[in-house]
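Counting convention: from 1, in listed order, for ligands and their atoms alike.
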Amino acid sequence: MLLREVGYARPRTTDEALGLLAEHEGARPLAGGQTLINVMKARAAAPDILVDLNGIGALKGIELGSDGTLELGPMTTTSELIASQEARARPILAEVCSQIADVQVRNRGTVGGNICSSDPTNHLPPLMVAIGAQMTVTGASGGRTVPADEFFLGVYMTAVGPDELLTKIMIPPGRSDGFSSVAVGRDGTCIVNAAASASGELRVVLGCVSAVPEVIRPSTPDPETVRSAVEAAHLDPPGDVHASSEYRRALAEVVAVRAATQAAERAGG
Ligand SMILES: Cc1cc2nc3c(=O)[nH]c(=O)nc-3n(C[C@H](O)[C@H](O)[C@H](O)COP(=O)(O)OP(=O)(O)OC[C@H]3O[C@@H](n4cnc5c(N)ncnc54)[C@H](O)[C@@H]3O)c2cc1C
């Protein structure tokens with residue numbers, strides 16, 4: 001289906017973009033367009049003006065701080081992250097980004113767009129929560145920091161307000177992480193996924209089982225303990241054409257165990 005008519009602006013600075021978003025009620029940020037353009041074609045979203053963030057250099061790039069903290073610009077594409085030397089400081093990032101869809105989607109789709117979509121089947125929301133990412137959300141009155149576990153509010157809903165932008169993603173140092181998913185076909189949408197981190201207290205975060213990533217805190221990475229912790233969460237996942245609710249709940253235990261085991265092995269435990 002063709003797009004309906006829409007205005008377009010390509011600001012050069014974050015302030016200019018924020019000004020456009022504040023000025024026009026129907027304005028919406030455009031990153032890689034891999035989700036937004038598709039939902040516009042399906043008439044599920046109808047912004048009046050697209051505020052294209054691709055011309056804003058300050059929103060791109062990856063920096064590694066002397067303490068090992070990674071600072072990701074939200075307009076970094078997933079392909080750029082995979083190729084980045086700096087991003088190797090937290091290897092799970094590139095490992096998971098390489099599993100997203102295909103090279104065409106990864107070349108256009110951005111880290112920030114993946115997160116801001118808050119699509120429960122996306123790879124990055126549970127990963128960001130598991131590794132304790134901190135998001136900087138900026139509006140006219142300045143920036144605020146939102147921990148990843150408070151960022152995702154619902155399907156397609158995040159802590160970013162209509163006239164705000166996600167402007168930075170801070171990733172703490174750590175290498176003891178894991179990820180596991182079951183997808184529809186080789187490059188397909190996740191039916192269920194799990195990210196885990198044993199850098200600090202063990203944390204397993206499940207995706208695709210509810211509107212937002214579900215945090216599970218097993219006391220140890222022992223498979224039985226992880227399985228019991230998932231069971232105790234009383235998940236009520238949606239059923240769809242790919243998987244019934246029961247099947248998704250069963251798979252959640254499987255991927256949680258795999259992700260926790262991988263994280264624990266990398267922690268040397
Ligand atoms: C065929 C196909 C298969 C895919 N499969 C997968 C998959 O298996 N796993 C997966 O994780 N992803 C998948 N994706 C999603 C893809 O990886 C992109 O991450 C996602 O589409 C959004 O990124 P984008 O940069 O294209 O954002 P856009 O589509 O441009 O934007 C998405 C949303 O985020 C908002 N937004 C973007 N940047 C900001 C910002 N800085 N501040 C505030 N709001 C912002 C936009 O307004 C919009 O609402 C797939 C996409 C396609 C087309």
Nearest protein heavy atom with distance in Å, relative to [atom]:
{"atom": "atom 1 (C) of ligand 1", "result": "V105 CG2, 4.0 Å"}
{"atom": "atom 3 (C) of ligand 1", "result": "A101 CB, 3.6 Å"}
{"atom": "atom 27 (O) of ligand 1", "result": "G113 CA, 3.5 Å"}
{"atom": "atom 31 (O) of ligand 1", "result": "L36 CB, 4.0 Å"}
{"atom": "atom 32 (C) of ligand 1", "result": "S117 OG, 3.5 Å"}
{"atom": "atom 20 (C) of ligand 1", "result": "T35 OG1, 3.2 Å"}
{"atom": "atom 35 (C) of ligand 1", "result": "C116 CB, 3.7 Å"}
{"atom": "atom 24 (P) of ligand 1", "result": "G32 N, 3.4 Å"}

Under 4.0 Å between a Lys/Arg side-chain N and an Asp/Glu carboxylate O for [X] and [Y]?
{"X": "D52", "Y": "R28", "value": "no"}
{"X": "R4", "Y": "D48", "value": "yes"}
{"X": "R249", "Y": "E231", "value": "no"}

Give the atoms of ligand 1, by number and element, whose distance to some non-hydrogen atom of [X] is under 4.0 Å.
{"X": "N38", "value": "53 (C)"}
{"X": "G188", "value": "8 (O)"}
{"X": "I100", "value": "6 (C), 7 (C), 9 (N), 10 (C), 11 (O), 12 (N), 13 (C), 17 (O)"}

[X] versus ligand 1: do any nitrogen or oxygen atoms come within less than 3.5 Å of each other?
{"X": "P29", "result": "yes"}
{"X": "E164", "result": "no"}
{"X": "P74", "result": "no"}
{"X": "T121", "result": "no"}
{"X": "N122", "result": "yes"}
{"X": "A31", "result": "yes"}
{"X": "L166", "result": "yes"}
{"X": "Q99", "result": "no"}
{"X": "I37", "result": "no"}

Any idea which part of T78 is under 4.0 Å from ligand 1, heavy-atom wise: side chain, backbone, both or neither?
->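 Neither; nothing of T78 gets under 4.0 Å from ligand 1.
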
Apply the test side chain to side chain contact (heavy atoms under 4.5 Å, CB included) to residues R266 and I92: give CA-CA distance (whole Å), side-chain angles for both, the deciding distance (0.1 Å), then the verdict.
-> CA-CA 11 Å; R266 289 172 171 178; I92 196 75; 3.9 Å; yes

Out of I56, N114, D119, V111, who gets a non-hydrogen atom closest to atom 19 (O) of ligand 1?
->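 Answer by nearest heavy atom: N114.
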
Closest to atom 53 (C) of ligand 1 (judged by heavy-atom distance), picking from H123, Q34, R28 |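 It is Q34 that holds the nearest heavy atom.
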
All pairs passing ring pair (Phe, Tyr, Trp, His ring centres under 6.0 Å) where residues 19-57 contributes a residue, at least two apart |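 Listed once each, the pairs would be none.
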
Please confirm whether H242 and Y247 have ring centers closer than 6.0 angstrom.
->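 Between H242 and Y247, the centre distance exceeds or equals 6.0 Å.
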
Cluster check I171, M75: I/L/V/M/F/W/Y, side chain < 4.5 angstrom |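 They do not share one cluster, since no chain of ILVMFWY contacts under 4.5 Å joins I171 to M75.
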
